[in-house]
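Inspection log for the structure reproduced underneath, given as structure tokens.
Everything numeric in this text was worked out from a predicted model, so none of it was measured. Here is the naming used below: chain letters follow the sequence lines, and residue numbers restart at 1 for every chain.
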There are 2 protein chains.
Amino acid sequence: MKFEAATIKDIAKALGLSTSTVSRALRDSHEISEATKKKIRDYAVEINYRPNPVALSLKEKRTLSIGVVVSEIANTFFSQVINGIESIAYKNGYNVIITQSRESLEREQMILDYLTSRSIDGLIISISSETNDFTSLKQLHEKRLPIVFFDRVVEEINTHKVITDNLQGVYQATQHLIQNKFKRIAIIASNPNLAITRERLAGYLQALADHKITVDHSLIRYCSHGGSDVEEVEIAVKDLLKLKKKPDALVLLADKITTETFSILKREKIKVPGEMGVIGFNNSKYTSLFAPALSVIRQPAFEMGEKAATLLLNLIESKRAVTDFKLESLAPEIIIRESSQNSR
Amino acid sequence: MKFEAATIKDIAKALGLSTSTVSRALRDSHEISEATKKKIRDYAVEINYRPNPVALSLKEKRTLSIGVVVSEIANTFFSQVINGIESIAYKNGYNVIITQSRESLEREQMILDYLTSRSIDGLIISISSETNDFTSLKQLHEKRLPIVFFDRVVEEINTHKVITDNLQGVYQATQHLIQNKFKRIAIIASNPNLAITRERLAGYLQALADHKITVDHSLIRYCSHGGSDVEEVEIAVKDLLKLKKKPDALVLLADKITTETFSILKREKIKVPGEMGVIGFNNSKYTSLFAPALSVIRQPAFEMGEKAATLLLNLIESKRAVTDFKLESLAPEIIIRESSQNSR
DNA sequence: TTGTACGCGTTATCAC
DNA sequence: GTGATAACGCGTACAA
């Protein structure tokens, strides 16, 4: 079952003209007489002619579409980034093909293989938490596929990158807890493979150092799937709760880890913030409706998407090879609500 | 800046063969000798040859991609549906192009125009809340573009449709409130243009009728943008609160209306469920973390996506014109939590 | 001002 | 068993 559409040929035949005349008329070439142009245009409208983008792509070796790879669309942060990307892309006549790696390296490879077999002009990607092998991304980069990283970037690949100032965000969050008299601040991080995990941890460590608090390594936990595996969060939280010297506050370094942890604490009837102060990364509006309302580190997701898309379109449309790559670091927003206010 | 990839021609030239031989060898045709095949295959692997999907599309008049139009990706319900669509599409070698109408008829038209100018093989759509003119969808349908509707379907267009059993869902939710001794149950609906709005309202009305409660039309409100316009929800809620005979419970007929209303009640310090019982459509996991935990009507979103995609692929791949169209109606899940439990 | 011929990458058809 | 050619739809260099 297929639906057929009109082509230039159809117009040419119907009007007794050649395809080139029709083509030129439709592109408003000055070498076509107004009379013919009008005739052709009118007929084109009449039969609702649309140029075939596939034929154009083949000819011009571009598809006017960009690929986006995120770990999960349903994650608010990513869907907001995608909104940003989309808004810029559409404005510039580009299509956006969105795909999800679901935190799997294997799926990410498949997607990259598929997308880049020539059906996209450029790529915007936040790598999966599993990804520790960048050869296929490197190959694509060497083949000069325009790539922009955001959020989970690959440090070793030299191209545009858009991130949140992760270190600052976590530094401020941790400092906020310290100033609220929390004494044993634990942290649950995502996969240590990821550069953002290391940066975020650095913010935590620096805040402790600046406030002359010695690091207790038993208070640092990792979730290698960034919280998308519910059990790993459960293990991390319960391990912390089992410690002889329990933490009295938590910094949570990924959206899913944050909500999952909050849910576990609720289930375990741990009072927040009474027994446990909580602040964590999360981009959902819903966290303000939690009880207690959740303090969060919020990333400027929409803006990140806009920036990433703008940079990518620059790369795609630049005539010569770009060598001056930017690292855009946007300030996160620290939203203090009840969950991190120590009443002691 | 562009990246070039190997073509059949390159292989042919390098090996001193014709393009047709190479093409046949790569498709494992029996009319090519094993020796030649091996030589060609090895070289193809060596230079990492990938067939150009654009050329294939042009030749085969299909793009192996399907378009999806939703009002907003960031809406959990839609992102879950998209997950379902994606899972089926990828399994069958199809690409998914996701777009957002942002509840705007104009944007929806643009998207349809763009997508269907031949760059997709089929369409899965949940129309925008503004859409009351279906001519362009009808035209596409007449041109035999395979279309599957989900959620917000167009009744007048005869094709596959996947919906939740909206009437039942709202019926049960309303009945639950009645059984919990709520006496004045108000309802905030989405745009009355939408078939789902009418169905959902019918569920409410039927539940009232079955329990011999007379309908009070002052308790029925509409949000024409489905709650994506914050103010319209604010107006609806405040109007209800201003009534001389205030409602003591609310049924909310769209995801955004639900969370927005909840947020307003919280801000206005209306006790839920003490002063106002609440139940509404919502697909986010987060609602269980609200205080009070929110009772919801949950749609089987992932499954809806799977079903819609499966039906669409059937349409696309069917040899003859399909005339037997299905209306799949999936059961919603009514999740009772605190917000709808009357303690009186 | 308009028409002819070619190429983008691939495969089907026909020829050798 | 392999090669040449046409076709998919479009735009453009070259011809007229």
For the pair made of NZ in A/Lys59 and P in D/dC10, what is the distance, rounded to whole Å?
12 Å

Nearest-nucleotide wise, let me know which of A/Thr19 and B/Ala55 is further upstream toward the 5' end of DNA chain D.
B/Ala55

I need the CG-P distance between B/Leu56 and D/dG9, as an integer number of Å.
15 Å

Rounded to whole Å, the NE2-C1' distance (A/His30 to C/dT1) equals 11 Å

Who pairs with B/Glu103 by side chain to side chain donor-acceptor pair (under 3.5 Å), at least two apart in sequence or on another chain?
B/Ser71, B/Ser129, B/Arg152

Atom CG of B/Leu15 to atom P of D/dT2: distance rounded to whole Å?
12 Å

Partners of A/Lys9 by salt bridge (Lys or Arg N to Asp or Glu O under 4.0 Å), sequence neighbours excluded?
none

At 10 degrees resolution, what angle do the end axes of the helix from C/dT1-D/dA16 to C/dC16-D/dG1 form when each is taken over five base pairs?
60°

What pairs of residues pass the salt bridge (charged side-chain N to carboxylate O under 4.0 Å, His left out) test when at least one of them lies in residues 127-141 of chain A, not counting sequence neighbours?
A/Lys138-A/Glu156

Once side chain to side chain donor-acceptor pair (under 3.5 Å) is applied, do any residues pair with A/Asn193, and if so which ones, sequence neighbours excluded?
A/Asn191

Contacts table for residues 89-97 of chain A: side-chain donor-acceptor under 3.5 angstrom, sequence neighbours left out:
| residue | atom | partner | partner atom | Å |
| --- | --- | --- | --- | --- |
| A/Asn92 | ND2 | A/Ile88 | O | 2.8 |
| A/Tyr94 | OH | A/Glu317 | OE2 | 3.0 |

Going by heavy atoms closer than 4.0 Å, what residues in residues 32-39 of chain B are next to DNA chain C?
none

Looking at A/Glu31 and A/Arg24, does any basic side-chain N land under 4.0 Å from a carboxylate oxygen?
yes

All side chain to side chain donor-acceptor pair (under 3.5 Å) counterparts of A/Thr323, not counting sequence neighbours:
none

For A/Thr21 and A/Ser18, does a side-chain donor sit closer than 3.5 Å to a side-chain acceptor?
yes

Angle between ring planes, B/Phe78 versus B/Phe150, binned at 30° and 60°: parallel, tilted or perpendicular?
perpendicular

Would you say a side-chain N or O of A/Thr21 is under 4.0 Å from OP1 or OP2 of C/dG3?
yes

Quick check on contacts: within residues 41-53 of chain A, what sits under 4.0 Å from DNA chain D by heavy-atom distance?
A/Tyr49, A/Arg50, A/Pro51, A/Asn52

Can you name the ring pair (Phe, Tyr, Trp, His ring centres under 6.0 Å) partners of B/His225, sequence neighbours left out?
none

Rounded to whole Å, please give me the gap between CG in A/Leu26 and P in C/dT2.
13 Å

Is there a side-chain contact between A/Ser23 and the phosphate of D/dG11, meaning an N or O under 4.0 Å from OP1 or OP2?
yes

A/Lys9 NZ - C/dG3 C1' separation (whole Å)
15 Å

Closest heavy-atom pair, B/Ile47 versus B/Ile11, reported as atoms and distance to 0.1 Å, is CD1-CG1, 3.8 Å

Give the nucleotide from the list C/dC8, C/dT11, D/dC8 with an atom nearest to the side chain of B/Lys61.
D/dC8

Whether A/Ser18 contacts C/dG3 is assessed here as follows: a side-chain N or O lying under 4.0 Å from the phosphate OP1 or OP2. Is that the case?
yes

Against the side chain of B/Leu17, the closest entry in D/dG3, C/dT10, C/dA12 is D/dG3

Going by side chain to side chain donor-acceptor pair (under 3.5 Å), name the residues that satisfy it together with B/Ser65, two or more places apart in sequence or in a different chain.
B/Thr63

Using distance alone, with no hydrogens and no angle criterion, decide if B/Ser20 and B/Ser23 have a side-chain donor and acceptor under 3.5 Å apart.
no

Provide, to the nearest angstrom, the distance between the CZ atom belonging to B/Arg27 and the P atom belonging to C/dT10.
11 Å

Apply the test salt bridge (Lys or Arg N to Asp or Glu O under 4.0 Å) to residues A/Arg62 and A/Glu60: give CA-CA distance (whole Å), side-chain angles for both, the deciding distance (0.1 Å), then the verdict.
CA-CA 5 Å; A/Arg62 62 172 190 172; A/Glu60 305 190 356; 3.3 Å; yes

Here the distance between atom C1' of D/dT2 and atom CD1 of B/Ile40, to the nearest Å, is 10 Å

Distances under 3.5 Å between protein N/O atoms and the N/O atoms of nucleotides 13-16 of chain C, please, pair by pair.
| residue | atom | partner | partner atom | Å |
| --- | --- | --- | --- | --- |
| C/dT13 | O4 | B/Arg24 | NH1 | 3.4 |

